[in-house]
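Scroll down for the structure; my scribbles are underneath it.
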Amino acid sequence: MIFWEALGSVLIGLAISYGASRRLPRRLPATPLVLSTGPGAALFGAMIAHTVLGSGYSVVVLMVALGFAAALLSLLIRPRTGRRRSVPA
């Protein structure tokens, strides 16, 4: 069962990182970094969730993997370039 959770989490991470790299190509770093961060983060999140919850919670483990992948990919997003606003003191 853990094999399927691991495989599912890697596929989820790959899908979310592929989607992010296609949707935000200018705001993310190089594509190989993005495509390796998503599955790595999802696998790490699934490993932690499986360790904490135990077996029998595959859906929850995959949801945690999705959350980890999205959170780590969001850390790679750079701010928009262009006009900067200055905040008056």
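The first residue of the sequence shown is numbered 1, and numbering continues consecutively from there.
Linking Ile, Leu, Val, Met, Phe, Trp and Tyr whenever their side-chain heavy atoms come within less than 4.5 Å leaves L75 and V34 in two separate clusters. Hydrophobic clustering (ILVMFWY, side-chain heavy atoms < 4.5 Å, transitive): V61 and L72 are in distinct clusters. Under the 4.5 Å side-chain heavy-atom criterion for Ile, Leu, Val, Met, Phe, Trp and Tyr, L7 and V60 are members of distinct hydrophobic clusters.
Counting only heavy atoms from C-beta outward, the side chains of S55 and I2 never approach each other to under 4.5 Å.
Closest approach of I16 and A70 over heavy atoms only: CD1-CB, 3.8 Å. In terms of heavy atoms, S21 sits closest to L35 at OG-CD2, 4.4 Å. The heavy-atom pair separating L73 from S17 by the smallest distance is CD1-CA, 3.6 Å.
Counted within 6.0 Å of CZ on R78, heavy atoms from surrounding residues, nucleotides or ligands total more than 12; the atom is thus considered enclosed.
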Identify each donor-acceptor pair in which a side-chain atom of residues 37-54 lies under 3.5 Å from a protein atom, sequence neighbours left out, and give them as a table.
| from | atom 1 | to | atom 2 | distance (Å) |
| --- | --- | --- | --- | --- |
| T37 | OG1 | L33 | O | 2.6 |
| H50 | ND1 | E5 | OE1 | 2.9 |
| T51 | OG1 | M47 | O | 2.7 |

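Here OG1 of T31 is found 10.0 Å from OH of Y18. Values are rounded to the nearest 0.5 Å. Taking CG of L24 as the start and CD1 of I77 as the end, the distance is 5.0 Å to the nearest 0.5 Å.
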